[in-house]
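The structure appears below as structure tokens.
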Amino acid sequence: MQVREVMSSQVLVVGPEHTLRQAAQMMSERGIGSAVVIDPDSEGVGIMTERDLLNAIGRGLDCDNERTGAHLTWDVVYAGPEWTVEEAATAMARGGFRHLVVLDGREVAGVISLRDVVRVWATERVVPG
């Protein structure tokens, strides 16, 4: 099975100037664990995850003043939509990630999460009866 078949194509995109609280609220409203961060003044795509938010809060930072651009991962491993789910899972395991941004060329096509991988593997391994 390919990443394009299981990824979330409805991606939350925020800018680097959104506050951590704004990003957290949008993620919470959508029930998702990550937001793609696109900085129009830079090349590349970053990702803000639940873990990034947790680390900022744990350090006692002010979520109303801190900006996403200072608390995200720019060194992102990208998946391709044609990757297999196993390839995505391997990349997640190697890098210690729970989310991969999926790029189709230079465009964000979606995000695949560990939850997506587990859902696929659980449904494939269910034996009826």
Side-chain angles (χ1 to χ4, degrees):
M1 184 170 288
Q2 291 185 316
V3 165
R4 73 170 35 94
E5 299 173 70
V6 299
M7 70 182 186
S8 299
S9 56
Q10 298 295 318
V11 177
L12 172 61
V13 177
V14 298
E17 291 302 315
H18 279 91
T19 66
L20 294 183
R21 183 172 312 279
Q22 289 170 322
Q25 286 172 332
M26 288 184 276
M27 290 165 62
S28 177
E29 288 168 1
R30 290 167 177 80
I32 57 175
S34 67
V36 171
V37 182
I38 298 177
D39 185 349
D41 296 330
S42 126
E43 289 191 33
V45 175
I47 189 166
M48 159 85 40
T49 67
E50 297 162 314
R51 185 176 296 167
D52 297 318
L53 292 166
L54 181 66
N55 288 337
I57 292 167
R59 292 195 316 265
L61 300 176
D62 182 349
C63 293
D64 291 314
N65 289 315
E66 292 291 322
R67 306 295 174 188
T68 60
H71 298 279
L72 55 86
T73 304
W74 284 109
D75 187 21
V76 177
V77 174
Y78 303 107
E82 71 287 346
W83 282 23
T84 65
V85 172
E86 185 172 330
E87 288 172 313
T90 299
M92 288 179 193
R94 281 191 186 138
F97 312 126
R98 290 182 283 173
H99 301 85
L100 292 176
V101 176
V102 181
L103 291 183
D104 191 358
R106 296 183 65 148
E107 298 296 317
V108 175
V111 173
I112 185 169
S113 70
L114 188 55
R115 182 178 297 142
D116 298 324
V117 172
V118 170
R119 185 182 66 245
V120 167
W121 286 353
T123 57
E124 285 181 349
R125 287 166 173 66
V126 172
V127 179

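- Between G46 and V76, the shortest heavy-atom distance links the atoms CA-CG2, 3.9 Å.
- A side-chain contact (heavy atoms from CB on, under 4.5 Å) with H99 is found for exactly one of V36, I32, V111, namely V111.
- Across T19 and C63, no two heavy atoms sit closer than the pair CB-O, 3.5 Å.
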- request: Could you please spell out the steps behind the side chain to side chain contact (heavy atoms under 4.5 Å, CB included) verdict for T68 and L20?
  value: CA-CA 6 Å; T68 60; L20 294 183; 4.3 Å; yes

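- Taking every heavy atom of both residues into account, A35 and V14 meet most closely at CB-CG2, 4.1 Å.
- Residue V6 is grouped with residue F97 when hydrophobic side chains (ILVMFWY) are merged at heavy-atom distances under 4.5 angstrom, including chains of intermediate members.
- Cluster membership check: V77 shares its hydrophobic cluster with L114, using side-chain heavy-atom separations under 4.5 Å among Ile, Leu, Val, Met, Phe, Trp and Tyr.
- Taken to the nearest 0.5 Å, the CG atom of N65 stands 6.5 Å off from the CZ atom of R67.
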task: Apply the test side chain to side chain contact (heavy atoms under 4.5 Å, CB included) to residues L100 and M7: give CA-CA distance (whole Å), side-chain angles for both, the deciding distance (0.1 Å), then the verdict.
output: CA-CA 9 Å; L100 292 176; M7 70 182 186; over 6 Å; no

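- When the side chain to side chain donor-acceptor pair (under 3.5 Å) test is applied to T84, the partners found at least two apart in sequence or on another chain are E87.
- Both V108 and V13 are members of a single hydrophobic cluster when ILVMFWY side chains are connected at heavy-atom separations under 4.5 Å.
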query: side chain to side chain contact (heavy atoms under 4.5 Å, CB included) between R98 and R51: does it pass, once the steps are laid out?
result: CA-CA 10 Å; R98 290 182 283 173; R51 185 176 296 167; 3.2 Å; yes

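- R115 CZ: 12 or fewer foreign heavy atoms inside a 6.0 Å radius.
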Side chain to side chain contact (heavy atoms under 4.5 Å, CB included) assessment of H71 paired with R59: CA-CA 12 Å; H71 298 279; R59 292 195 316 265; 3.4 Å; yes

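- Separating the CG atom in D39 from the CD atom in E17 is a distance of 8.0 Å, to the nearest 0.5 Å.
- Remark: E5 pairs with no residue by the side chain to side chain donor-acceptor pair (under 3.5 Å) rule, at least two apart or across chains.
- Both W121 and M92 sit in one connected hydrophobic cluster of ILVMFWY residues. Membership requires side-chain heavy atoms under 4.5 Å apart, directly or through other members.
- Between H18 and M26 there is a side-chain heavy-atom pair separated by less than 4.5 Å.
- When all heavy atoms of P16 and V37 are compared, the pair lying nearest together is N-CG1, 3.8 Å.
- The shortest non-hydrogen separation linking R4 to E82 is NH1-CA, 3.9 Å.
- Put simply, CG on L72 and CG on L53 are 10.0 Å apart, with the number rounded to the nearest 0.5 Å.
- Within the 4.5 Å cutoff, side-chain heavy atoms of T49 are placed close to those of S34.
- Taking each heavy atom of V102 and G80 in turn, the nearest pair found is CG1-C, 3.9 Å.
- No continuous path of hydrophobic side-chain contacts links M27 to L54 [ILVMFWY only; heavy atoms under 4.5 Å].
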